[in-house]
Amino acid sequence: KTSDGYNNSTGNTTSPNISGNLLYNHKFRKKGRNFSANISLGSSSNNSEQNTSNQTNSFLFPFFTNTRNQFINQQNDNHNYGIRLTYSEPVSKTRNLDVALSHNLNYARNNKETDSVDAGTGVKFYLPRFSNDYENDFYRNRIGVSLRTTTKKYNYTLGVSVQPISQQGYSLTRDSAYKTINRVNVFPVARFVYNFSKTRTFNVNYSGNATQPTFTQLQDVLDISNQQFQTKGNPNLKPSINHNINLTYNNFNFVNGKVLFTNITFTTIQNQIVNNNIQKGRSGAQLSIPENVNGFYNFLGYYMFSKPYKNRKYVITLTGTVNYNHNINLISSNRIIGQNWLASQGFNFEFNVKEWLSLGTGASYSINDNSYKNAALSSFAKLPNTFSSAWMLSSNISVDIPKNWILKYDFDYTINQGLSSSVSTNLAIFNASLEKQLFKKKNGVIKLSANDIFNQNTNVGRSVNANSIIDTRSNRLARYFMLTFTYRLQKFQGQRPKNQGFKGMGGLMEQRNPEIKVF
């Protein structure tokens, strides 16, 4: 142990914003010829005052205790405008030539003033080293040309988009300009949709865009309000370039109720912005500076399958997810590759015994696996590989009682493994409700619900960053009771629908009616 400490902060923030959008569209007499213009304006600010107190105790010679009190006043202003023009010209019965032009400006100003506060008298002393008045202009233009083909069975779009960008930064405090960043990005335009039928489709789509660094990341000023974790901006950051490819296949059979949904997404980022965490001496303190890196990519696959049997008496639902992250981290300027696997598989079974009785049960299993390698692709010993998993078992019942009474309960039990012993808590969440349908059309409902009857509702999770693994347990709204009155605004006399949806790992999907609730 080299040091420990604590932080305490109080503050006040105001964040007013206003925005507007104007759209003009004109269809010409010739079928398929179209022109549109879109203008957007926006202005926002984020003004904050913060009092911070940080104490650091050093256990290395020479031993010391240091307390720092600061007052930080920040005024952040953001103004943006954009204009987009599009024109479509038919070149045949099934093809259109699309041209798009856009221009966007985002202006941001961040005035940060930091004062040292005397603990005894409360007198403030201005600290110019930790203060800066900084403004940034980010220009983003885009020119795109594409050919769009539309038929009954399929449609596709192919083209190219050119995006010149310019980023200009200036420090008003130091009366100096930072290096202007000019760049021209070229993105393909590609989209393909094939309709096997009205309910079965396949879709492939590519999208790309440039993302501006935040004003906090660009601020070239040191922040030591937390002496153990100091931060500093980098005015030479380049915009990030995002590339995304998405494939989906959907099959919704409304006659027999069978549902299949699959999705695959691949994402890569050029000039990704990550924090370079630099060790400061032997004390254990860190200095975090954002920098651009290349090498990040992410793969995500998801599926959901649901099928009813025996005229929806039985419903089986399967869901699964696989997510792989190839992250680039910087630790004291050393390039570290983090590999993260997230996977889950869920099963849910619904049994509608009678019109008045419905039972459900399910189980899911998820894993979180992390490993690290250095630039030479050998194991990085300073960061331990980790593995955690969780089982979730669920059960639910809905019973119709004579005279329009309905009794429900749902129960979820989660078993966590591999987390820190201080947060690795198994959770049992039990909810129940009793409701009464009212009026001739049964469009009124009064319900008494008891939530988290065992009083165990906490959020347990793991976050893996560049050089830290954080297991958290957060308090949620635990045991409570609620009395609700609901009136459905529907003209037809309906009975409570059966098999409204399915409950799987992704939660509950159900049909809904417009309604008014009073709590």
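In this chain, numbering begins with 1 at the start of the sequence shown. Computed from a predicted structure; not experimentally measured.
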### Query
Do I337 and I328 come within less than 4.5 Å of each other through their side chains, counting heavy atoms only?
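In short, these two side chains touch, coming nearer than 4.5 Å.
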Tell me yes or no: between the side chains of [X] and [Y], is some donor less than 3.5 Å from an acceptor?
X	Y	result
Q163	N209	yes
N57	S3	no
D369	Q339	no

### Message
Aromatic contact between H326 and Y297, with the criterion being ring centroids under 6.0 Å apart: yes or no?
### Response
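Ring centroids of H326 and Y297 are less than 6.0 Å from each other.
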### Message
Aromatic contact between H103 and Y81, with the criterion being ring centroids under 6.0 Å apart: yes or no?
### Response
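H103 vs Y81: aromatic centres under 6.0 Å.
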### Query
How would you list all residue pairs meeting salt bridge (Lys or Arg N to Asp or Glu O under 4.0 Å) that involve residues 138-147, not counting sequence neighbours?
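Listed by first then second residue: nothing to list.
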[X] side chain to [Y] main-chain N or O, any donor-acceptor pair under 3.5 Å?
X	Y	answer
T268	F296	yes
N234	P290	yes
D115	K124	no

### Message
Exactly one of T67, N7, N66 should register a side-chain hydrogen bond (donor to acceptor under 3.5 Å, both in side chains) with Q227. Which one does?
### Response
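Going through T67, N7, N66 one by one, the side-chain hydrogen bond (donor to acceptor under 3.5 Å, both in side chains) with Q227 is satisfied by N66 alone.
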### Task
Can you spot which of N340, N327, N323 makes a side-chain hydrogen bond (donor to acceptor under 3.5 Å, both in side chains) with N298?
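Result: among N340, N327, N323, N323 is the only option passing the side-chain hydrogen bond (donor to acceptor under 3.5 Å, both in side chains) with N298.
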### Query
Can you say whether the rings of F63 and F61 are parallel (under 30°), tilted (30 to 60°) or perpendicular (over 60°)?
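Plane angle over 60°, so perpendicular.
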Which pairs of donor and acceptor atoms, one on a side chain in residues 105-113, lie under 3.5 Å apart (sequence neighbours left out)?
residue : atom : partner : partner atom : Å
N106    : OD1  : N78     : ND2          : 3.4
N106    : ND2  : N78     : OD1          : 3.3
Y107    : OH   : E135    : OE1          : 2.8
R109    : NE   : D133    : OD1          : 3.0
R109    : NH2  : D133    : OD2          : 2.5
N110    : OD1  : Q219    : NE2          : 2.5
N110    : ND2  : Q74     : OE1          : 3.3
N110    : ND2  : N76     : OD1          : 2.0
K112    : NZ   : D223    : OD2          : 3.2

